[in-house]
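A quick write-up on the structure given underneath.
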Protein chains: 2
Amino acid sequence: MTGAEILPVEEAGIEDGKTGLSFGKFERSAGFLLRIAQLTVFERMFAELKDGHVKIGEFTILLAIAENPGVRQGAMADVLKIKWSNMTKLVRSLEERGLVERFVPPHDRRSVELRLTEEGRKLLETFTPLMFEADRRSLPMLSDEEHATFLALLRKVSGWPPL
Amino acid sequence: MTGAEILPVEEAGIEDGKTGLSFGKFERSAGFLLRIAQLTVFERMFAELKDGHVKIGEFTILLAIAENPGVRQGAMADVLKIKWSNMTKLVRSLEERGLVERFVPPHDRRSVELRLTEEGRKLLETFTPLMFEADRRSLPMLSDEEHATFLALLRKVSGWPPL
DNA sequence: TATTGTTATACTCTATAACTATA
DNA sequence: TATAGTTATAGAGTATAACAATA
């Protein structure tokens, strides 16, 4: 179903290589390009990991917990830009699958602290190398130098300090 | 583009990484960083559209039609990575709001060609400049040179030819 | 037979408000 | 009163399959 016909482009609009569709001035838009790039990379990156062990969002949560043991659930939700109400279900699901432990500390019994179980740790250790291979392999068009520059700029855009 | 007013990071509502959470090795992942960067920039860029005129996806469709008048509906769906079944509802909604015209050409009466109405054109012309201002302003942390490099790398990653 | 588009449906993500229990 | 988390629900966005009309 990729029957996209080549359209004549009157003006000096830049054509998409595959389809012949132009996006005019917006091909100079960082936001627009970021969206296309993100979709493109994610498609490549998770193509091999589609076997259903963990979803992208769940993997990110496991990672955040692994890197920040005992992190409070709400604080993690804020950082990942996930609503508290939605985080509840996500964490509960991970708990039910034996990947995450929820702990209510006595000093503040409103809160919930999160840690990985041994199984969660194993799962993360299994998939992390695959993710990194896929991550680099999803950008075959960039030289090592360009890749490094790209990462540095993305960090800057995301408001993170240089490596 | 020139020495325009650059918003301070805090005012721009961009995460400053002072949240205390770490993402370890994944702060070197292009896919992960792309997702964060895209969310950040999009939030900023489409703040103008939050007033209920059109949604982000609808704006993109209007743009694609404007740049490719008479584009076939399915071809556009393929490029924007939207399923045909979902594109139907989207286009119909835009048609009902008087922004898009659907035309069944006699030479192939299975297909649907899309064009903007005058109202659709007006709406696009109203919001496009705002989008571009927001686009550049959403990246206050990049110098003009870095911005140009960033765009070039994003184009490369997305499989598009250099400008 | 293949292509174009539609309908129906379901599943995930996300968004909002009301609620609890603790502080 | 304010904070941390939960529940319920509704709305997007996205996915698949069955279908009709046309080529």
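Each chain gets a letter, A, B and so on, in the order the sequences are listed, and its residues count up from 1.
- Rounded to the nearest 0.5 Å, atoms CG (B/Leu142) and CZ (B/Arg136) are 6.5 Å apart.
- Judged by closest nucleotide on DNA chain D, A/Ser111 is the one of A/Ser111 and A/Ser85 placed further toward the 5' end.
- Following rounding to the nearest Å, B/Arg110 (CZ) and C/dT4 (P) show an atom-to-atom distance of 6 Å.
- Following rounding to the nearest Å, A/Asn86 (CG) and C/dA17 (C1') show an atom-to-atom distance of 13 Å.
- Between the P atom of C/dA2 and the CH2 atom of B/Trp84 lies a distance of 15 Å, rounded to the nearest Å.
- A salt bridge between A/Arg102 and A/Glu95 is present, with a side-chain N of the basic residue lying under 4.0 Å from a carboxylate O of the acidic one.
- Between the side chains of A/Ser22 and B/Asn68, no donor-acceptor pair is found at a separation under 3.5 Å.
- Note on residues 55-75 of chain B: pairs passing ring-ring contact (aromatic ring centres under 6.0 Å, His included), not counting sequence neighbours, are A/Phe26-B/Phe59.
- Checked by atom type and distance alone, the side chain of A/Thr117 pairs as donor or acceptor with a backbone atom of A/Gly98 at under 3.5 Å.
- Contact detail for A/Ser111 and A/Arg72: the closest heavy-atom pair is CB-CD, 3.5 Å.
- Summarising the geometry, the separation between CZ on B/Arg72 and C1' on C/dT4 is reported as 7 Å, rounded to the nearest angstrom.
- For B/Arg97 and B/Ser93, the side-chain atoms include at least one donor-acceptor pair closer than 3.5 Å.
- Using a 4.0 Å cut-off between charged side-chain N and carboxylate O, A/Arg137 and A/Glu133 make a salt bridge.
- Here C/dC11 presents its C1' atom at 14 Å from NZ of B/Lys83, a figure rounded to the nearest Å.
- The two residues B/Glu146 and B/Met141 come nearest to each other via the heavy atoms OE1-O, 3.8 Å.
- Protein chain B contacts DNA chain D over a range whose 5' and 3' limits, counting nucleotides with an atom under 4.0 angstrom from a non-hydrogen atom, are D/dA12 to D/dA23.
- Each end of the helix from C/dT1-D/dA23 to C/dA23-D/dT1 yields a helix axis from five base pairs, and these two axes differ in direction by 10° (to the nearest 10 degrees).
- The salt bridge (charged side-chain N to carboxylate O under 4.0 Å, His left out) contacts involving residues 117-126 of chain A comprise A/Glu118-A/Arg121, where partners must be two or more places apart or lie in separate chains.
- Sorted pairs that involve residues 67-103 of chain A and meet ring-ring contact (aromatic ring centres under 6.0 Å, His included), not counting sequence neighbours, are lacking altogether.
- Scanning residues 87-95 of chain B for heavy-atom distances under 4.0 Å to DNA chain C yields B/Thr88, B/Arg92.
- Residue contacts shown for B/Asp108 are limited to sugar-phosphate atoms, with no base heavy atom under 4.0 Å away.
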